[in-house]
Amino acid sequence: MQTQFLELTDGTLAYSDYGGSGQPVLMLPGMGALRSEYRYLAPKLSEAGFRALSVDLRGQGESSVPWKVYDVPSVGQDILALVEHLDAGPAHLIGTSFAGAPLVWAAAEYPDRVRSVVLVNSFVRDAKTNPFMAALFWLMLHNPWRVRTWAMYYGTLYPTQKPPDFGEYINQLRVNLAEPGRFDAVTALGTSSRVPSETRLRQVKVPTLVLMGSKDPDFPDPAAEGEELAELTGGKLELIDGAGHYPQTEMPDATVKVIVDFLKQL
């Protein structure tokens, strides 16, 4: 997909527009990832009649670097700026991992610009994480070989199967994160406070889908975490059996069906 850019005050956001004349669906990847994380989901959303767009987080992918601030509200403002730029009405928002937090913030602060929210294995609060994974996460962000160790860690997030193009994707990710300032952005996003999203969970009034991989190693009990988030947001929980942290690429068929069904019901 051809990259498009949105110029903001402090930097430039990169995004891909997969086309479609229906309601816009904005997809944000997790930190330390690329917007092509949605390469399987986006075309299916477009085929289903939605206007599908995937966006690189500030400092990641093809978005510019550096930015003055890397935190939940600033990324939430990026989302709202793109919604306004599209001028297509309120948007459905999908976010994985870190990206779920700014989605919650945006939906609570500006519900008139958000049609729905899909939280994919999202860290939207100071959740109870697997202690081993938490220690490993800290080490990955603070060592001289952090790009290499991040790539190794990334592979563990697919416990059942990797997509056929995983090698190509991970190579692209390594090259991107080795660019000056990229991993500093990862560290800043990863260590930023989740208070802005955690305190707003019950303020989310738009339809919400909480999507969890049943084998996500980042959570000691993915189902329990999903149930709590669904209760707090008044949303619905769906588990993708056997999937890890990125069900949209590990189990694309099952994940696409769940998300498309949810959006069409709205």
Side-chain angles (χ1 to χ4, degrees), residues 6 11 13-16 24-42 45 52-63 67 69-83 91-110 113-127 129 137 150 154 157 173 176-177 182 185-198 200-201 204 206 208-213 216 218-219 225-226 229 233 235 243-250 255 259:
L6 174 62
L13 292 179
Y15 67 97
S16 294
V25 181
L26 270 59
M27 294 163 281
L28 279 77
M31 62 171 214
L34 307 174
R35 69 181 188 275
S36 55
E37 174 184 303
Y38 292 102
R39 59 194 180 278
Y40 295 116
L41 175 60
L45 288 174
L53 304 102
S54 58
V55 191
D56 281 322
L57 298 177
R58 53 172 56 195
Q60 310 283 271
E62 292 183 272
S63 291
W67 296 65
V69 180
Y70 294 99
D71 62 11
V72 169
S74 64
V75 177
Q77 290 286 3
D78 292 343
I79 298 168
L80 296 170
L82 184 53
V83 172
H92 301 284
L93 305 179
I94 301 175
T96 302
S97 196
F98 164 85
L103 265 58
V104 167
W105 183 91
E109 290 292 314
Y110 298 91
R113 302 184 197 179
V114 180
R115 291 185 185 273
S116 72
V117 168
V118 179
L119 302 175
V120 183
N121 292 1
S122 293
F123 289 102
V124 297
R125 58 181 182 154
D126 294 326
T129 56
F137 179 76
W150 182 264
Y154 198 91
L157 299 177
L173 183 59
N176 183 256
L177 293 179
R182 295 291 184 196
V186 173
T187 302
L189 290 171
T191 57
S192 62
S193 173
R194 298 302 189 276
V195 170
S197 52
E198 183 170 7
R200 289 169 171 79
L201 285 168
V204 175
V206 300
T208 300
L209 171 65
V210 178
L211 193 63
M212 302 291 292
D216 185 351
D218 275 353
F219 295 95
E225 177 67 16
L229 290 185
T233 58
H245 202 57
Y246 299 99
Q248 64 269 44
T249 46
E250 185 175 13
T255 305
I259 293 177

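We use all heavy atoms of the structure for the numbers below, so side chains are in, but hydrogens, waters and symmetry mates are not.
In terms of modelled atom types and a separation under 3.5 Å, the side chain of Ser122 and the main chain of Val124 share no donor-acceptor contact. With hydrogens and angles ignored, the 3.5 Å screen pairs no side-chain donor or acceptor of Asp71 with any backbone N or O of Ser192. Between the side chain of Ser54 and the main chain of Ala52, no donor-acceptor pair closer than 3.5 Å is present. Between the side chain of Arg58 and the backbone N or O of Val69, at least one donor-acceptor pair lies under 3.5 Å. The backbone N or O of Val204 sits nowhere less than 3.5 Å from a side-chain atom of Thr233 that would complete a donor-acceptor pair. Ser197 places no side-chain N or O within 3.5 Å of a backbone atom of Trp105 that could act as its donor or acceptor partner.
Scanning all heavy atoms of the two residues, the minimum distance from Met31 to Gly190 falls at SD-CA, 3.1 Å. In this structure, Gln248 and Tyr40 approach most closely via the heavy-atom pair O-CB, 3.8 Å. Residues Ile259 and Leu41 approach most closely at CD1-CD2, 3.8 Å, considering heavy atoms.
Under 3.5 Å, the side chains of Tyr38 and Thr96 contain a donor-acceptor pair of N or O atoms.
Contact annotation: the side chain of Glu62 never approaches that of Tyr15 to less than 4.5 Å [non-hydrogen atoms, C-beta and beyond]. Pro247 places a side-chain heavy atom less than 4.5 Å from the side chain of Asn121.
Pairs engaging residues 101-110 under the salt bridge (Lys or Arg N to Asp or Glu O under 4.0 Å) rule: Glu109-Arg200 [sequence neighbours left out].
Residues passing the salt bridge (Lys or Arg N to Asp or Glu O under 4.0 Å) test with Arg182 are Glu179, sequence neighbours excluded.
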Exercise for the section: Kindly determine whether Leu229 and Arg125 satisfy side chain to side chain contact (heavy atoms under 4.5 Å, CB included), including the steps that lead there. Expected result: CA-CA 9 Å; Leu229 290 185; Arg125 58 181 182 154; 3.8 Å; yes

